[in-house]
Amino acid sequence: MIRYLARKTLLYILTFIAAVSVDWAIPRVMPGDPIQGLMARFSVPSNAQQVQGLMSFFTEAFGFDKPLWRQYLGFWQSLIDGDLGPSIAYPGSAVTSLLLHAAPYTLALVVPATILSYVVGNRLGALAARRKVLDNTFIPAAYIFTATPYMFLAIMLVYILAFRINTGLPVSGAYAFSVQPSWTWEFATSFSAHWLLPFLSLFLVQLGGWAIGMRNMIIFELEADYANYLQALGAPTKLVRKYAYRNAVLPQMSGLALALGVVVGGQIVTEVVFGYPGLGQLIFTAINNRDFFLLQGAFLFIIVGVLIANFVVDLLYVVVDPRTRVGIQGS
Amino acid sequence: MSATPVLDTAKIDAAIDAGPQKYEGLRFALRNKKLVIGMGIVLAFLLVAIVGPWLTEATPYQFGFPTAEAPNTTRWLGTTDTGQDVFSQFVYGLRATFIVGSIAALVGAGIGMTIGFMAGYRGGVVDELLMMFTNIILVIPVFAVLLIVAAYLPPSNRGYVSEALLIGAFSWPWVARATRAQTFSLATREFVSLARLSGARSWQIIVREIAPNMSSYLVLVLIVLFGGSILFAATLDFLGLGAPNEVSLGQMLFNAQNQAAITRGFWWWFIPPGLAVTILVGALYVANVGLDEVFNPKLRET
Amino acid sequence: MSLDVENLRVYYRTLHGDVRALDGVTFSVADGEITGVAGESGCGKTTLGKSLIRLDGRMRYIDGSVTLDGTQLPLENDQAMNQFRFSEVSLVPQYAMSALNPTRKIGRIMTDLLASKGVDFDDIRPELIRRLELVHLDPDVLNRYPIELSGGMKQRVTMVLSTLLNPSLLVADEITSALDVSTQKAVSELLVEFRERKFVKSMLVITHDISVLTQIADTIIVMYAGKLAEKASAETIIDAPLHPYTQLLISSLPEVGVTYERDRLSGIPGTPPGLLNPPQGCRFRDRCPLAIDKCLEEPPFVEVRPDHWAACWRIDD
């Protein structure tokens, strides 16, 4: 077990270093001068001195005036300080505070959606593996769900449930204009109402994938030698299914760690469609306004979040696969 | 003891050996409903993408049509706010989808298979290093990286090909893993040892002995990559990170979103592109399942 | 106990039609008898073994009856067969290496299985320990995961588990095929030991390797293309077989001390017929050096000498 976890920890540390380095390197590697691009955004002051001042501000912020290795170390330093720079799209705000403010909204959506779709999807997939009826109705639907791009499902939900049939569900923002974030009942209900559709959108697409995967794994496990042996010895179907399910969950759990990376994309576009004030919305704004600092910071936030989530899944995996505890390598 | 045998054994043996081997695979393939329907849909879309531009005299960028018109007999998919023909946008966008999807799939497959083969065949330190590298790329949320890269890439450098290269450059890890696993099991087989004994070099062995035995698996990989790349590209385009001067299905959704097509009820702006991507990718997945059944008889239901 | 198989037919459903893998076999196994079933690949011996325990996905029961200790086994009814499995008729599988759930400790697997059969693990534990020690396994093996055991150990574990409830009939399906020669000997001897200690009453040992059978079997049945060719005591089959197929089979066995210069190994030319559309009459007809016109009519499997059965027209010529 120690070996397994140590290996994973090493992987995550290396990944973090790689990601930070990539984050630092990209603006310096891409063709074109980011500062010029930024300058073009602001209405050019006729005063040459002001132009100079703006340029030096940006140069300093990027650190382009220093030698490369210093820039790199400086980048790490600012990370440790928790300073991710100033925002351009939201002048006057620090990137770090913007991200911290938006993160809870994103987490409120992505964590329940991913976990629930995983749990429910696995159950439904296992059921479909033994009920022909489900297999012929639900699984094809699952294929459609998993093939649907997140933003399209989001758009369709809005179109059908808000525009065509007026269910009264709100489709924009995280809470009504009149309400302020606070620990009140009013806020809670408003928040929930606004939360439902985006959650549904994220939930349904992932549900399809899990169900299909689980169904296939269960069928595979039921045909395995150990299942055949048990059945030859007269074991009841329930026991065989129980073993098959427990074994099928393992690769699914490995898949969960991988899926997290993909959900990021889904999260971003869903927030865009629903105007939800989370990290995704911030990123979208950052792209449109060429706010490089915000982008860089958001990227790091996402990386850290995904790495933490991966680690949590790895810990859970140790619990679920007894072989890892005995010192044998898991999957 | 030796009486004359009743039948000519030699002839019988020959007949048994000849057998209906030749077109058996094709027959199974054509019988498989999922494969046929799935591939049929994909080919239908491809046909529209190729032939489409000739069906409409308009180009996607051409202005001048009545604005915001619903679909009718002249403008099959209606028009946009600025008087552009949606149908031609759709058709050209479909083209873009196929181009980006195939390039990305080929790039991803190329990188992934190369790394997978090397790791699986060589083993040892090479394998460890390659796998660590693969795992790092695997863990990093692909999307986040694409976001950053695409955001920094000046619009002038963005085009179909660069988008496809980007997607391909980050979607290979699972291919590498899968290829490596298969290569491991094949590398220990006798025909490989034989090839090695006869002095063939590593890459020759991989290309001539191992890969052909995995060909069915590789086809499945390509199909899944193709589908995944299409989804990826559509999502990137939706965020405005695609090729700015080219039309694509994702971009149509981007425009629809930005111009509040939903609240204005202009369903023909977003339903055709979104539905097209969904159906196309869904058909690919289903065809993939069908193809898997053809290759692995065990999966077939009687 | 006794096993009576009467005209058993089991076919495989395929896209091209039914493969007549087991096409009407009739024989008996007496109490305490070890009967070996030998033949080429595809002769139906594995189908026979499987039919007695559990019909696979593609297998279809067509006709015939199997009576064990006076009770007819409901072969076609999977659910009904469950009460017989493990306690009356049991199986030691060919795939012992992967027969145990990799994510469960061996003791746990046994506990679960026994519990589902209404047997308390603690009750049977002493006996289980005794048997494990008999096959030279440390009782600690119950606390291990299958992956921690060697192939030979796993083989022995499955042998102990399969016979734990003292079944009347044990079917051993190609259990020595994947083993080296010395392990083969050890495992074969274990089988005989189990019979001596009355852990099992009778056995059906299925293998393509006749040499194993010569060591442990009382009776040998030779199968060909889904039908029985010959059945006699082990010595008779080896020393004085009557069916042409058996004769050729025995003569193609290498003999210790005989070198290439003295005598060449001869196989049997040709291949067994496909069973999708089996040939009319005796199925060995095409490869048999003794075939005559009469062989177009299927020879019955009859007792040609006391306790010696064969299906051939040319026996008494």
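Quick note on labels: first sequence line is chain A, next is B, and so on, each numbered from 1.
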Taking every heavy-atom pair that is under 4.5 Å apart, which of [options] has the most such pairs with chain A?
options	result
B/Tyr285, B/Phe232, B/Phe238	B/Phe238
B/Ala234, B/Gly240, B/Gly265, B/Gly250	B/Gly265
B/Val281, B/Leu241, B/Ile136	B/Ile136
B/Val286, B/Ile137, B/Leu275	B/Leu275

Return the option, out of [options], with the maximum number of heavy-atom pairs under 4.5 Å with chain B.
options	value
A/Pro149, A/Pro140, A/Ala18, A/Gly261	A/Pro149
A/Thr146, A/Val264, A/Ile155	A/Ile155
A/Leu258, A/Val273, A/Val158, A/Ile303	A/Val273

Region of [X] that comes under 4.5 Å of a non-hydrogen atom in chain B:
X	value
A/Leu295	both
A/Val272	both
A/Phe284	side chain
A/Leu153	neither
A/Leu307	side chain
A/Leu260	neither
A/Asp23	side chain
A/Ile287	side chain

Worksheet item: How about B/Arg264: does its CZ atom have over 12 heavy atoms from other parts shown lying under 6.0 Å from it?
Response: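 Check passes, neighbour count above 12.
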Practice prompt. Tell me, yes or no, whether the heavy-atom count around B/Phe184 atom CZ, taken from other residues, nucleotides or ligands under 6.0 Å, exceeds 12.
Written response: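 More than 12 heavy atoms, drawn from other residues, nucleotides or ligands, come within 6.0 Å of this atom.
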Worksheet item: So, for B/Thr278 and A/Ile144, which heavy atoms are closest and what is the spacing to 0.1 Å?
Response: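 Nearest pair, atom of B/Thr278 first, then A/Ile144: CG2-O, 3.9 Å.
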Practice prompt. Kindly give the heavy-atom pair with the smallest separation between A/Ala147 and B/Leu231, and that separation in Å.
Written response: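 Looking at all heavy atoms of both residues, the closest pair is O-CD2, 3.5 Å.
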Are [X] and [Y] packed together at the side-chain level, in the sense that at least one heavy-atom pair is separated by less than 4.5 angstrom?
X	Y	answer
A/Ile302	B/Phe143	no
A/Tyr12	B/Val139	yes
A/Phe152	B/Val277	no
B/Met132	A/Leu10	yes

Rounded to the nearest 0.5 Å, what separates atom [atom1] in [X] from atom [atom2] in [Y]?
X	Y	atom1	atom2	value
B/Leu239	A/Ile268	CG	CD1	6.5 Å
A/Asn310	B/Asn135	CG	CG	10.0 Å
A/Thr15	B/Leu138	OG1	CG	9.5 Å

Where does [X] contact chain A at under 4.5 Å (heavy atoms): side chain, backbone, both or neither?
X	result
B/Phe254	side chain
B/Leu236	neither
B/Thr235	both

